[in-house]
Amino acid sequence: MTSNTDRPAGSADPPPDTPVASATDTERRRPRALIVSFFGSYARDVGGWIGVSDLIALMSGLDVDGPAVRSAVSRLKRRGLLTSERLGGVAGYRLSDQGRRILAEGDQRIFGHRVARVQDGWVLVVFSVPESERHRRHALRTQLTRLGFGTTAAGVWIAPAHLTEQARAVLRDLGLEEHAELFHASYLDFRDLTASVARWWDLPELQAMYEGFLDEHEPVAAAWRRRGTRALRSPEERATAFADHLRAVDAWRRMPFLDPGLPPELLPDRWAGSRAARVFFELHALLHGPGLEHVRAAATLGPDDSWR
């Protein structure tokens with residue numbers, strides 16, 4: 001299994017032999033990732049544009065200083081996700097067309113994450129890309145990894161059938177239709193399907209990923225549960241809600257791109273993914289609204305819907 005540790009949904013991913021990021025790596029890339037998560041979680045709800053100074057002020061609530069914010073947005077501009085724009089004489093940033101498309105694609109996977117059923121079958125991608133096209137072969141592996149595919153053998157990748165159209169789109173986008181074939185399959189092997197799934201995906205790595213999320217965010221959810229909604233009435237508490245929500249989104253948004261939603265009966269006992277999903281969606285339901293109130297109160301924003 002591979003990771004997509006700080007890249008927004010739909011962007012180019014690390015090569016297939018890249019491990020899940022260590023805590024140190026995640027911390028080093030945190031400002032850029034948080035800003036991507038901010039634009040995905042809040043900026044589109046408030047006009048799609050935010051002033052530089054206001055973005056710096058909001059990120060300071062997550063212990064990200066001004067130079068780190070400026071450096072991160074510069075990288076995001078170079079990658080084509082943000083564009084600089086002045087409104088009313090104020091310098092700021094807006095999502096580019098590419099950025100809006102990437103975040104919209106990410107929404108479908110992050111908030112519409114499907115859990116497969118064994119009876120729905122599997123999609124197989126079988127490909128043989130010539131050595132002269134090895135850069136596209138690498139790109140295909142990277143994109144299939146991003147979709148959560150596992151590998152059964154060299155050049156044979158597998159995922160729950162609900163990812164068929166996304167796999168077809170990847171092949172089409174890379175122009176590799178003539179080098180690949182798609183199959184809808186049922187499992188008819190002599191071995192137990194549970195054991196095969198454990199070979200095709202690195203389930204211990206996925207379990208560790210979810211347990212790391214729970215270690216950080218389950219206590220936060222429990223604390224907000226104890227506080228109740230009355231605590232969200234003060235500006236200070238709304239600022240805390242904003243920070244807690246954005247951290248949770250930033251941690252969670254990578255995970256649906258690593259886990260394809262495997263059938264629960266094929267997963268180990270005490271699978272942490274289900275509990276992690278409950279914690280994330282609880283935090284999102286409770287804290288996004290107050291967090292949005294904090295952003296509206298704290299920032300000078302562009303006209304509503306001007307990004308569309």
Side-chain angles (χ1 to χ4, degrees), residues 2-15 18-85 91-107 109-111 142-143 145-146 209 212-213 216-217 239 242-258 280 284 288 291 294-295 298-299 301-302 307:
T2 60
S3 78
N4 182 20
T5 55
D6 77 328
R7 300 167 188 258
S11 66
D13 294 296
T18 302
V20 169
S22 67
T24 302
D25 289 339
T26 300
E27 188 67 22
R28 183 171 64 246
R29 292 191 291 261
R30 185 167 168 257
R32 181 171 52 176
L34 281 170
I35 290 169
V36 170
S37 295
F38 169 79
F39 273 88
S41 298
Y42 291 104
R44 290 177 296 171
D45 292 332
V46 291
W49 178 95
I50 186 168
V52 177
S53 60
D54 292 330
L55 181 60
I56 290 172
L58 285 165
M59 290 297 105
S60 70
L62 291 98
D63 301 320
V64 180
D65 62 22
V69 172
R70 293 181 185 277
S71 175
V73 295
S74 293
R75 292 191 189 99
L76 293 170
K77 283 177 59 183
R78 288 197 296 271
R79 290 176 56 193
L81 301 183
L82 297 180
T83 60
S84 55
E85 181 178 332
Y93 297 97
R94 180 183 298 281
L95 282 167
S96 66
D97 291 343
Q98 178 189 2
R100 291 197 299 272
R101 177 184 57 78
I102 286 172
L103 291 176
E105 291 173 356
D107 289 344
R109 194 71 180 262
I110 294 164
F111 295 103
T142 297
Q143 291 300 314
T145 296
R146 182 185 68 82
M209 175 186 74
F213 178 88
E216 181 176 358
H217 298 285
F242 165 76
D244 285 347
H245 177 257
L246 194 58
R247 289 189 185 100
V249 170
D250 190 58
W252 178 260
R253 67 181 173 87
R254 308 166 182 88
M255 297 182 186
F257 291 92
L258 300 174
F280 169 70
H284 180 66
H288 179 259
H294 171 68
V295 172
L301 302 158
W307 61 275

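Count residues from 1 along the sequence.
When all heavy atoms of Q98 and G80 are compared, the pair lying nearest together is OE1-O, 3.3 Å. Counting all heavy atoms, side chain and backbone alike, R94 lies closest to G47 at NH1-O, 3.3 Å. The two residues A299 and I50 have their closest heavy-atom pair at CB-CD1, 4.1 Å. Heavy-atom minimum distance, I56 versus G66: CG2-CA, 3.8 Å. The minimum heavy-atom distance linking F213 with A251 is given by the pair CD1-CB, 3.8 Å. V69 and M59 get closest at one heavy-atom pair: CG2-CB, 3.7 Å.
Ring geometry for W252 versus F280: interplanar angle under 30°, hence parallel rather than tilted (30 to 60°). Using cut-offs of 30° and 60° for the angle between ring planes, the H288 and Y42 rings count as parallel.
Taking CG from L81 and CD1 from I35, the interatomic distance works out to 11.5 Å, rounded to the nearest 0.5 Å. For the atom pair R253 CZ and S41 OG, the distance stands at 8.5 Å (nearest 0.5 Å). Considering OG of S96 and CZ of R79, their distance stands at 10.5 Å, rounded to 0.5 Å. Atom CG of L58 and atom CZ of F242 lie 4.5 Å apart (nearest 0.5 Å). In this structure, W49 CH2 and L82 CG are separated by 13.0 Å, a value rounded to the nearest 0.5 Å. Distance check: R100 CZ to R44 CZ gives 10.5 Å after rounding to the nearest 0.5 Å.
No hydrogens or angles considered: nothing links the side chains of S74 and R70 as a donor-acceptor pair under 3.5 Å.
A salt bridge links R101 with E105: the distance from a Lys NZ or Arg NE/NH1/NH2 to an Asp or Glu carboxylate oxygen falls below 4.0 Å. The pair D250-R247 does not count as a salt bridge, with every side-chain nitrogen at least 4.0 angstrom from each carboxylate oxygen.
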